[in-house]
2 protein chains.
Amino acid sequence: MKTAVISDAAPESVGQRLREHHRIVLLTDGYSSPFLAKTAISMLRYRSDDVVAVLESSTPTLTAQETFSAGGDIPLVADLTQVPDADAIYIGIAPPGGSLPPAWKPILLEALRRNMDVVSGLHDFLIDDADLVQAAEENGASLIDVRRNRFRQIADGQPFRPGCVRIHTVGQDCSLGKMVVSLEVEQGLRQLGQSSAFVATGQTGIMISGRGVPIDCVVADFVNGTIERFVRQNEEHDFLLIEGQGSISHPAYSAVTLGLLHGAAPDGLIYCYEAGRENVKGLKDVPLRSHQELLNAYEVAANLRHPCRIIGVAVNTRTLSEDAAMAELEWAKKEFQLPVCDVYRTGAAALVEASLQLRAEVLAR
Amino acid sequence: MKTAVISDAAPESVGQRLREHHRIVLLTDGYSSPFLAKTAISMLRYRSDDVVAVLESSTPTLTAQETFSAGGDIPLVADLTQVPDADAIYIGIAPPGGSLPPAWKPILLEALRRNMDVVSGLHDFLIDDADLVQAAEENGASLIDVRRNRFRQIADGQPFRPGCVRIHTVGQDCSLGKMVVSLEVEQGLRQLGQSSAFVATGQTGIMISGRGVPIDCVVADFVNGTIERFVRQNEEHDFLLIEGQGSISHPAYSAVTLGLLHGAAPDGLIYCYEAGRENVKGLKDVPLRSHQELLNAYEVAANLRHPCRIIGVAVNTRTLSEDAAMAELEWAKKEFQLPVCDVYRTGAAALVEASLQLRAEVLAR
């Protein structure tokens with residue numbers, strides 16, 4: 001029988017438990033829109049071999065591909081009896097504020113009774129719910145709150161190993177693909193035989209990679225120190241692709257963004273934006289700042305900590321037709337005079353190449 | 001008998017309890033150096049009428065003035081029997097990392113047995129210590145963790161009342177007097193009959209004013225939102241003087257600094273530095289960035305959220321002779337072409353004047 005690993009355990013043991021799940025049910029029931037279900041969609045994209053079903057009864061479709069444009073034939077199911085051998089249920093949404101939809105509690109209790117682990121990236125912690133804790137204990141299942149942590153590391157501003165080149169994705173806003181860009185560039189480098197690692201900084205990245213720090217849920221004084229320490233623990237790699245969060249101009253999340261930028265002390269930044277987005281996500285009367293203003297702000301802020309430049313631009317063209325997307329990428333190449341990709345449509349090759357070039361530069365200093 | 005108010009209570013009721021303490025003992029025992037005892041020193045400076053003694057047995061001096069250069073004849077005592085009518089004991093230090101010195105626990109237990117409240121601004125919470133909780137309950141005394149909070153507000157980036165001019169102190173580093181500058185300018189405005197308020201953002205400011213938000217202990221996603229909401233709750237004033245924290249270039253605390261800057265959306269900044277300081281406090285191999293680089297970084301970052309300019313400079317000349325201090329202030333006036341004060345030596349008049357001018361400008365827009 002499994003012991004009930006709970007989220008207060010060391011991050012390493014939590015990560016190991018996540019990597020042991022190979023028959024996962026993703027829970028999105030009633031929240032299948034792409035903005036809300038982004039955790040589920042990324043799991044379908046990057047951990048599809050470990051997913052057996054999506055619990056989603058509110059759409060008439062039968063497969064993940066039809067509803068989420070990812071996951072191929074992975075079936076949508078209406079309840080857990082349809083997947084009797086599942087080993088875990090992952091909460092597949094990331095709503096602002098991070099609360100558990102009340103209608104989901106019976107589903108989680110049922111999962112625990114079936115001896116499945118429950119994994120959550122919400123701000124509301126599973127282990128603060130006495131009923132869930134009792135059910136987990138009775139069934140020897142685990143409650144894993146990916147965001148829960150007790151990090152208390154104060155950054156010391158010391159240099160990293162110079163051969164460990166740190167590349168950080170930053171953006172015009174939140175939710176425009178910074179995690180995906182980091183994953184794709186890291187994969188591209190690895191495929192070329194480079195020693196590289198993806199550094200997850202959000203709940204979805206942690207669920208995918210089984211490692212990382214839930215930086216937006218760290219107490220403010222320890223944000224810089226938490227990521228600094230995690231990067232230091234991984235500096236044996238020649239490339240670290242560090243997932244960005246929020247935006248330096250985001251009214252709500254800029255504290256997290258700058259803490260990452262200074263704690264990770266990147267050598268290079270990849271600037272990410274979504275074509276056509278005009279306002280801050282979720283704040284429709286707050287316009288986004290211009291690319292020029294943001295590129296300047298990122299360079300100024302990053303260089304307060306460590307010499308850093310923008311190495312490329314990642315455009316998300318999901319709302320555009322193929323022709324319009326290609327035109328946008330051409331415009332961006334001229335506008336920024338930098339390597340440009342849409343990693344979804346064109347792959348990450350130009351950014352992989354820019355990363356190799358950056359490392360050569362850093363080593364020649 | 002008092003009920004045991006505990007720190008989970010609403011911030012308002014905690015603040016009210018703090019304002020009810022009028023016979024306070026400050027605890028610094030063995031930690032009387034100015035950098036460590038900064039909470040005690042500020043309490044002696046701004047709340048001296050409510051302080052009856054400092055528990056400090058490691059120095060041979062008899063008065064607060066001799067040891068801390070503040071507090072006049074307030075006596076230093078070796079134990080609580082010397083102040084039988086005290087109503088509270090305040091932890092007077094702010095060590096990096098924020099842990100309670102183990103030798104102090106018996107002192108706190110003794111205070112609780114004497115029915116005194118215990119007030120702490122440490123990261124280590126009093127109410128996580130079962131012995132302290134039991135002693136508080138048995139004696140009907142209160143444990144107040146000023147830093148403990150459950151703030152979960154997400155910033156919305158909406159404008160504030162334009163007539164409420166927000167002035168924020170920022171600096172080259174931490175621990176160089178941003179709180180004192182905010183308090184002195186606020187006091188100066190109030191003495192001229194202006195409607196103004198001090199907005200505390202750290203444990204010492206909260207202990208002094210009985211209100212505010214312990215921003216460095218808020219979960220990162222909610223830093224901007226917590227200060228935004230607090231400012232909004234106080235926008236009936238014509239001037240808000242918002243205490244800054246850390247520095248935008250501080251390796252460890254820049255996340256907190258930017259969260260405040262964007263959550264408070266100031267109209268004006270007062271830039272604070274200490275003459276002669278060359279390295280980040282506590283990180284002696286990390287040099288401070290230049291004034292010009294920092295002034296630019298603050299202006300760039302602030303203007304991402306709201307139109308803002310630097311309105312003046314506050315110099316801390318504590319390590320200089322009187323002559324050298326005056327020379328430093330003259331140099332600063334020429335260098336920055338802005339109003340300059342050392343609020344300790346010369347008062348805050350020039351910054352009060354600059355604040356009035358800023359408000360006239362904002363209203364004329």
Side-chain angles (χ1 to χ4, degrees), chain A residues 96-99 123-124 147 149 152-159 214-228 245-263 265 280 282-283 285-287 289 293-294 296-301 303-306, chain B residues 96-99 123-124 147 149 152-159 214-228 245-263 265 280 282-283 285-287 289 293-294 296-301 303-306:
Chain A
S99 296
H123 272 296
D124 270 357
R147 252 177 171 155
N149 70 84
R152 276 214 188 182
Q153 190 72 21
I154 295 175
D156 59 22
Q158 296 305 303
I215 203 70
D216 63 5
C217 217
V218 171
V219 165
D221 248 6
F222 308 118
V223 168
N224 302 34
T226 297
I227 184 69
E228 183 188 79
Q245 296 291 340
S247 150
I248 198 166
S249 65
H250 196 288
Y253 306 130
S254 58
V256 174
T257 306
L258 190 65
L260 278 179
L261 195 60
H262 285 167
V280 175
L283 298 172
D285 46 6
V286 180
R289 310 306 303 210
E293 196 176 358
L294 286 168
N296 178 50
Y298 280 120
E299 286 206 309
V300 165
N303 280 281
L304 292 172
R305 170 69 176 85
H306 180 77
Chain B
S99 295
H123 272 296
D124 269 357
R147 251 174 173 158
N149 69 83
R152 274 211 190 185
Q153 190 72 20
I154 295 175
D156 60 21
Q158 296 305 303
I215 203 71
D216 63 6
C217 217
V218 171
V219 165
D221 248 6
F222 308 118
V223 168
N224 302 34
T226 296
I227 184 68
E228 183 188 79
Q245 296 291 341
S247 150
I248 199 166
S249 64
H250 196 290
Y253 306 130
S254 58
V256 174
T257 306
L258 190 66
L260 278 178
L261 195 61
H262 285 167
V280 175
L283 297 172
D285 47 5
V286 181
R289 311 306 302 209
E293 197 176 357
L294 286 167
N296 178 50
Y298 280 119
E299 285 206 311
V300 165
N303 280 282
L304 291 172
R305 170 68 175 86
H306 181 77

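In what follows, every chain begins at residue 1, and chains take the letters A, B, ... in the order their sequences are listed.
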* Structure fact -> Checked A:Gly157, A:Ser249, A:Ser254 vs chain B; the most non-hydrogen pairs under 4.5 Å come from A:Ser254
* For the pair A:Leu258 and B:Ile248, evaluate side-chain contact (heavy atoms from CB on, under 4.5 Å) and give the outcome as yes or no after the intermediate values. => CA-CA 9 Å; A:Leu258 190 65; B:Ile248 199 166; 4.0 Å; yes
* Between atom NE2 of B:His262 and atom OG1 of A:Thr257, what is the distance when rounded to the nearest 0.5 Å? -> 9.5 Å
* So, B:Asp285 and A:Gln158: side-chain donor and acceptor under 3.5 Å apart, yes or no? -> yes
Verify, without hydrogens or angle tests, whether [X] (side chain) and [Y] (backbone) share a donor-acceptor contact under 3.5 angstrom.
{"X": "B:Asp221", "Y": "A:Cys217", "value": "no"}
{"X": "B:Arg305", "Y": "A:His250", "value": "no"}
{"X": "B:Asn224", "Y": "A:Pro251", "value": "yes"}

Identify which of [options] forms the greatest number of heavy-atom pairs closer than 4.5 Å to chain A.
{"options": "B:Gln245, B:Arg152, B:Glu293", "value": "B:Arg152"}
{"options": "B:Ala155, B:Gly263, B:Ala252, B:Gly246", "value": "B:Ala252"}
{"options": "B:Val286, B:Leu294, B:Asp156", "value": "B:Asp156"}

* **Residues A:Ile154, B:Tyr253; criterion side-chain contact (heavy atoms from CB on, under 4.5 Å); working and verdict** => CA-CA 8 Å; A:Ile154 295 175; B:Tyr253 306 130; 3.7 Å; yes
* Taking every non-hydrogen atom, the tightest pair across A:Ala255 and B:Gly259 -> CB-CA, 3.7 Å
Is [X] close to chain A through its backbone or its side chain, or both, or neither, when contacts mean heavy atoms under 4.5 Å?
{"X": "B:Val300", "value": "side chain"}
{"X": "B:Ala297", "value": "both"}
{"X": "B:Leu261", "value": "neither"}

* Structure fact -> Turns out that what part of A:Val218 lies under 4.5 Å from chain B's heavy atoms comes down to backbone
* State, yes or no, whether a side-chain contact exists between A:Val219 and B:His123 at a heavy-atom distance under 4.5 Å. => yes
